[in-house]
Student: 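Take a look at this one; I'll ask things after.
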Amino acid sequence: MLSLRITSQTQVTGVIGHPISHSLSPLMHNRVFEYLDLDWVYLPFDVAPQNLEEAIKGMRGLGIRGLNVTIPHKERVIPFLDEVSPEAETIEAVNTILNEEGKLIGYNTDVPGFVRPLKDFEEKLRGKKAVILGAGGASRAVIYALLKHFDLNQISVINRTLEKAERLAERFRGEGCEIRAFGLTEENLEEQVPSASLVVNCTSVGMFPEVNGCVIKGKRLLKKGQIVYDLVYNPLETRLLKLAKERGAIPIPGLEMLLQQGAESFKIWTGVQMPLDSIREELRFELEEILLAGHQHGVRRQ
Ligand code: NAP
């Protein structure tokens, strides 16, 4: 239906990744273009690693206005851009490219995407401790966001591979907040989690198809009033979020970050605020349908 409206005036955006069939972004952006009656379109492009440079040259050559960048290109794309935002430079990952009359500028919207759902709790987190589970790419953006936008006094990074947690802690040390690294053991979880005001799951544990997985095994570790933020959004309500609810903690689902980072990219390309409050429920419903259909066919979306 959308293709009937496409003309030479239509602005083109999209996402590059490999594989790309799992991406939920085309649904999100195309729905919003339709809702706002904008003459824009968003397409998924499967770009193999060896074709990345050509794809970015193609963006410039074809006048594609904006691209999202996902696994495995977020770091490798940087040398092919003309400019990179300070955030993306520090995190060494770009997830959004803007084509400004041939000049390609890289951004990382995971940072504002993560921050926005937490902003209401800024005061509650002042001078408090956060536990970050995981030390991969998402953890890097989350730690940067916490240091930049919140006034915590301690961040504990807990990861299965201790060396990765140590490297991450080392990288952000000296930013005015104590950062400590721990291996993922029951003992460390018991010592660190109950005293944290914020717990963020940045591991892929709990993601479809292993939906019963949960980094925090015993629910007694979670406390009433704690904020429990799970970056995993497939399923929409993970086991960790269910445990958090049962304990009277405040759950923040990964879908919210997904929507917010998408809204941020949308604003960078179009200059228009995504009307998230008006379309959140519709998007949530449609994304849930897609995820459930994927579950029936064993499709893993991450
Ligand atoms: P990544 O770089 O591959 O890192 C994966 C992390 O998960 C590592 O810390 C890894 O530990 C840990 N891990 C994996 N399997 C584990 C297991 N069985 N037990 C314990 N730890 C395990 O991935 P990423 O890019 O950081 O993404 C992490 C998750 O965040 C994914 O589910 C992704 O979909 C989600 N995410 C969501 C959003 C959003 O908008 N909601 C944005 C970004 C990412 P090791 O270091 O020991 O391997």
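We count ligands from 1, going down the list as the structure has it; atoms in each ligand are counted the same way. Remember, it's a predicted structure, so these values are computed and weren't measured experimentally.
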Student: State plainly whether the residues R126 and D151 are in salt-bridge range, i.e. N to O under 4.0 Å.
Tutor: yes
Student: If the cut-off is 4.0 Å to any non-hydrogen atom of K164, which atoms of ligand 1 fall inside it?
Tutor: 45 (P), 46 (O), 48 (O)
Student: Taking the inter-plane angle between the rings of W269 and H29 on a 0 to 90° scale, is it parallel (under 30°), tilted (30 to 60°) or perpendicular (over 60°)?
Tutor: tilted
Student: Going by the order shown, which atoms of ligand 1 are within less than 4.0 Å of some heavy atom of A138?
Tutor: 24 (P), 25 (O), 26 (O), 27 (O), 44 (C)
Student: Counting each atom of ligand 1 from 1 as listed, which ones have a heavy atom of L184 under 4.0 Å away?
Tutor: 20 (C)
Student: On a heavy-atom basis, which atom in D46 and which in P19 lie closest, and how many Å separate them?
Tutor: OD2-CA, 4.1 Å
Student: G113 near ligand 1, heavy-atom distance under 4.0 Å?
Tutor: no
Student: What atoms in ligand 1 come closer than 4.0 Å to a heavy atom of V205?
Tutor: 16 (C), 17 (C), 18 (N), 19 (N), 20 (C), 21 (N), 22 (C)
Student: Please check if the number of heavy atoms outside Q50 that lie under 6.0 Å from its CD is greater than 12.
Tutor: yes
Student: Just let me know how A141 lines up against ligand 1, side chain, backbone, both or neither, with a heavy-atom cut-off below 4.0 Å.
Tutor: neither
Student: Under 4.5 Å between side-chain heavy atoms, hopping through other hydrophobics if needed: is there a path connecting I105 to V272?
Tutor: yes
Student: If you measure from each non-hydrogen atom of T203 to ligand 1, which part falls under 4.0 Å: side chain, backbone, both or neither?
Tutor: both
Student: Relative to the heavy atoms of S204, which atoms of ligand 1 are at a distance of less than 4.0 Å?
Tutor: 7 (O), 14 (C), 15 (N), 32 (O)
Student: Just jot down the ligand 1 atoms closer than 4.0 angstrom to any heavy atom of M207, in number order.
Tutor: 32 (O)
Student: So does D230 pair up with K242, basic N to acidic O under 4.0 Å?
Tutor: no
